[in-house]
Amino acid sequence: MKKVAFISILLIAFMTSIINVFANDSISQQINVSLNQQASTSFNLMNTDSKSHQYSLDFKSINNQYESYFDSNKQIVKQIDLNQNESLNLNLNLTMINQIQNYDHAKIIVTRDDGQVIEYPITINVQEDYVMSVSSNLSQIDATSGSGFDVSISIFNQGSQTLNNIQVVADLPSKWTSTQTSNVLYSLSPNESSILSMHINIDNAQSSGLVNINLQAISDQISSEQTSLDVNVKTNLNLSVWMFGLLAVISTFVLIQFRRFGRR
């Protein structure tokens, strides 16, 4: 029983030391961020141990990509030295550079020089300032190798801010080419839509079959998700007829020559 009680006391002391590292628990549990816009939250780091320690600071996220740094009194810091009972106010600064989800789970990681690690969870809410959706006027099209076809892309601004310099790009097979036949969309206001057109050329040597291509709209602020288009490629019938005719001519010529000279 004494051994169990002793172990319990040690565990309580250990957990208390972990909790007391953040004597002033002022980290916001939620941060609202926007693409390419800086957001920040403040917290207080306090050393309640009986001796001085050095603390290393880090930030990790799950879904989106961020540029992050910590500062104190506008001075960027990566490590902090704190004496006994000394505390310091710190800021975590985030800039989202790539949005994958409209929410994120992240954590501030504080590592003390004796190996003790504290992780503080943060929920990140992405403000839908820039959201763009696309759809194609076609889901499947029949085309011939060596030819081309036109496709129109409807673009809708679902966000709360204006999108600028929008154009359409295509993920195409090798030797296929594309040209945007409409002008770049210089501005698209929230809740507005517009249509951009593109001409796609199929390689002459493309074999017959179903080919999937992906279309996407990009702006100065954000890229849309891709929309797919199935192209049912058929071989060029004119080329096939021409080849068949050439083969027939050659065969006829050979046959005539054989009849004229074959029995000599």
Side-chain angles (χ1 to χ4, degrees), residues 15 18-19 21-45 55-72 74 76-78 80 88-111 116-136 153-169 171 185 187-194 196 212 214-228:
M15 294 303 296
I18 291 178
I19 294 172
V21 172
F22 291 106
N24 182 4
D25 184 6
S26 59
I27 301 178
S28 173
Q29 293 186 356
Q30 292 191 354
I31 304 178
N32 296 324
V33 301
S34 299
L35 186 66
N36 297 323
Q37 301 293 320
Q38 183 172 293
S40 63
T41 185
S42 301
F43 63 99
N44 181 268
L45 180 62
Y55 299 87
S56 299
L57 307 173
D58 198 8
F59 170 82
K60 299 292 184 183
S61 63
I62 297 176
N63 294 323
N64 304 316
Q65 295 179 355
Y66 305 86
E67 291 179 348
S68 65
Y69 67 93
F70 296 89
D71 78 83
S72 177
K74 298 183 179 181
I76 296 177
V77 294
K78 295 182 179 180
I80 300 295
L88 185 67
N89 290 321
L90 296 164
N91 299 309
L92 166 65
N93 303 280
L94 298 177
T95 301
M96 184 174 63
I97 58 176
N98 184 23
Q99 179 183 346
I100 300 174
Q101 300 287 345
N102 289 334
Y103 65 91
D104 207 349
H105 296 291
K107 55 189 175 183
I108 294 174
I109 303 173
V110 179
T111 304
Q116 180 176 299
V117 177
I118 293 109
E119 297 182 354
Y120 198 96
I122 300 174
T123 299
I124 299 177
N125 297 317
V126 178
Q127 304 297 298
E128 296 186 354
D129 294 337
Y130 301 106
V131 183
M132 178 169 52
S133 64
V134 296
S135 60
S136 170
I153 303 298
S154 177
I155 301 169
F156 179 55
N157 183 357
Q158 296 175 292
S160 60
Q161 301 294 323
T162 299
L163 298 171
N164 303 110
N165 298 322
I166 304 171
Q167 55 185 320
V168 176
V169 294
D171 183 12
L185 187 59
S187 178
L188 188 64
S189 299
N191 297 317
E192 287 188 351
S193 62
S194 186
L196 294 179
N212 179 264
N214 291 311
L215 304 170
Q216 185 180 34
I218 59 174
S219 70
D220 288 347
Q221 295 82 14
I222 196 172
S223 299
S224 72
E225 293 184 357
Q226 292 182 333
T227 182
S228 62

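Because only heavy atoms are used, hydrogens play no part in the values below, and waters and symmetry mates are left out as well, while side chains stay in.
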Partner set under ring pair (Phe, Tyr, Trp, His ring centres under 6.0 Å) for F59, not counting sequence neighbours: Y66
Salt bridge (charged side-chain N to carboxylate O under 4.0 Å, His left out) partners of residues 55-66, not counting sequence neighbours, each pair once: D58-K60
For [X], give me all partners under side chain to side chain donor-acceptor pair (under 3.5 Å), at least two apart in sequence or on another chain.
{"X": "N191", "result": "none"}
{"X": "N98", "result": "none"}
{"X": "N165", "result": "D220"}
{"X": "S160", "result": "D129"}

Side-chain heavy atoms of [X] within contact of [Y], under 4.5 Å:
{"X": "I218", "Y": "Q167", "result": "yes"}
{"X": "T123", "Y": "H105", "result": "yes"}
{"X": "N64", "Y": "I124", "result": "no"}
{"X": "V169", "Y": "L215", "result": "no"}
{"X": "I80", "Y": "L90", "result": "yes"}

Residue list, side chain to side chain contact (heavy atoms under 4.5 Å, CB included) with [X], at least two apart or on another chain:
{"X": "S135", "answer": "S154"}
{"X": "V131", "answer": "E128, Q158"}
{"X": "Q37", "answer": "S34"}
{"X": "S219", "answer": "M132, L163, I166, Q221, I222"}

To the closest 0.5 Å, what do you measure between [atom1] ([X]) and [atom2] ([Y])?
{"X": "I122", "Y": "I108", "atom1": "CD1", "atom2": "CD1", "value": "3.5 Å"}
{"X": "S194", "Y": "L188", "atom1": "OG", "atom2": "CG", "value": "6.5 Å"}
{"X": "L92", "Y": "Y120", "atom1": "CG", "atom2": "OH", "value": "12.5 Å"}
{"X": "L94", "Y": "S40", "atom1": "CG", "atom2": "OG", "value": "8.5 Å"}
{"X": "L88", "Y": "L45", "atom1": "CG", "atom2": "CG", "value": "7.0 Å"}
{"X": "N214", "Y": "N212", "atom1": "CG", "atom2": "CG", "value": "5.0 Å"}

Main-chain N/O of V134 paired with T227 side-chain donor or acceptor, under 3.5 Å: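 Side chain of T227 to backbone of V134: no pair is present.
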Expected output: side-chain Q226 to main-chain Q216 donor-acceptor under 3.5 Å: no
For D171, all residues meeting salt bridge (charged side-chain N to carboxylate O under 4.0 Å, His left out), sequence neighbours excluded: none
So which heavy atom on [X] is nearest to which on [Y], and how close?
{"X": "E192", "Y": "F156", "value": "O-CD1, 3.4 Å"}
{"X": "Y55", "Y": "V110", "value": "CD2-CG1, 3.8 Å"}
{"X": "S61", "Y": "D104", "value": "CB-OD2, 3.7 Å"}
{"X": "N91", "Y": "N93", "value": "O-ND2, 3.7 Å"}
{"X": "V77", "Y": "S72", "value": "CG2-N, 4.3 Å"}
{"X": "G159", "Y": "P190", "value": "O-CB, 3.3 Å"}

